[in-house]
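What follows is a structure written as C-alpha cells; I'll ask about it next.
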Amino acid sequence: MNPDATLISDTKNTWCPGCGNFSIQHAFKNVIEEFEKEGIPREKFVLVSGIGCHAKIVDYFRLNSFYSLHGRTIPVATGIKMANPELKVICFAGDGDLYAEGLDHLIHAAKRNIDITVICHNNRVYGLTTGQYTPTSPYGYRGRSTPEGIHEYPLNIIEMVLGSGATFVARAYSRNIPLLKRIMHDAISHPGFAHIDVLQICATFFNVTSFYDEHVYETSEVNVTQFEMACRTGQQWNYSDPGPIPLGIFYKTIRSSLPEKREQKKVDRMKSIQDILTGHS
Ligand code: SF4
C-alpha cells in the first residue's frame with residue numbers, strides 16, 4: 001500500500017447530511033494516522049463491518065477490510081485474529097446488527113477476551129431500512145413498524161458487556177470527536193477484548209442531538225480498574241431514562257487473551273515434544 005495515499009477511498013459517500021457516521025470516520029482516520037506516526041503501518045489494520053449504514057465505512061477507507069454478514073462481524077474478526085495475531089482487527093457494527101442478531105457473538109467474544117476492538121455505531125434505530133426499533137431504542141419509540149410506540153425497555157449494553165467479561169468498556173459520542181479519538185486509540189492499543197458504544201446521531205430517523213448535547217458528560221476515569229464502579233457508571237443511564245449520560249472509559253483491566261493462551265499452548269506443546277525427543281521427559 002502506498003503510504004502517501006490518503007486513507008479515504010474514492011467511493012461515493014451516500015450517508016445522509018448530518019449523519020454521525022462522518023464523525024466516526026473522521027476520528028478513525030486520525031487514529032490510524034497517529035498509529036502510523038507511532039510506527040504501526042496501515043497494513044497491520046483490518047476492518048470488518050456488518051450490514052447497515054455503518055457498514056459502508058469499510059468502503060470509504062483505503063484499508064484492508066472484510067464486508068461481512070448482518071450480525072457476523074465478530075466471528076469474522078475472531079477468525080482473522082486467530083489466523084494472524086499480529087494484525088489489529090477492528091469491527092465496525094451497528095446496534096441493530098451487533099446488539100440484536102449478533103448479540104450472542106458479542107457476549108462470547110467478551111467472555112473469551114479475544115484481542116479485537118468492537119466499535120458500535122449505536123444510533124438506536126435501523127437506519128438503512130428506514131427507522132425500525134432496535135435493542136437500544138427507548139421505551140415508547142415510534143418507528144414505521146411500531147407507530148403506536150414500543151412497550152419494551154432497551155438493553156443496557158454497558159452492563160451486559162461488563163457482565164460478559166469484556167476487559168475494556170467505553171462509551172463515546174459522535175459529536176465529541178476528541179474523546180472519540182482518544183477512546184479509539186486506547187481501545188485498539190488494549191491487549192484484549194475492547195468494546196466502544198458510540199452514541200451516533202441518525203439525522204434522518206432518530207435525531208436526538210439536542211437531547212444528547214444536554215445530557216452527556218465526561219467521567220473522571222479515575223477508577224477504571226474497579227469493576228463495581230464501572231457497573232455503577234453503566235447503570236447511570238439505561239438508554240431510556242433522561243440521563244445524565246456518562247461518556248468515557250468505564251472499565252479497563254488486563255487478563256490473558258485468547259490468542260495469547262493459544263500461543264502459550266503451542267510453546268508448551270513444542271517443549272513437551274523436545275523433552276520427549278531429547279529423553280528429558
Ligand atoms: Fe446516517 Fe441515519 Fe442516514 Fe443512515 S439513515 S446514513 S444512520 S443519517
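Everything numeric here is computed off the predicted structure, so don't read it as measured data. When a ligand or atom number is given, it counts from 1 through the structure's own listing order.
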Exercise for the section: Using salt bridge (charged side-chain N to carboxylate O under 4.0 Å, His left out) as the criterion, list what pairs up with E214, not counting sequence neighbours. Expected result: none
Exercise for the section: Heavy-atom cut-off of under 4.0 Å around ligand 1: list whichever protein residues fall inside it, by chain and number. Expected result: W15, C16, C19, C53, N123, G127, Q200, C202, A203, T204, F205
Problem - With sequence neighbours excluded, residues passing side chain to side chain donor-acceptor pair (under 3.5 Å) with E218 - result: N176
Practice task
Identify whether the distance between the nearest side-chain nitrogen and carboxylate oxygen of D186 and K252 falls below 4.0 Å.
Solution key: yes
Practice task
Check for a donor-acceptor pair, side chain of D197 on one end and backbone N or O of A172 on the other, with a separation under 3.5 Å.
Solution key: no
Problem - Passing candidate, side-chain contact (heavy atoms from CB on, under 4.5 Å) with I116, options H195, K88, K81 - result: K81
Exercise for the section: Please identify each residue that fulfils salt bridge (charged side-chain N to carboxylate O under 4.0 Å, His left out) with K44, with sequence neighbours left out. Expected result: none
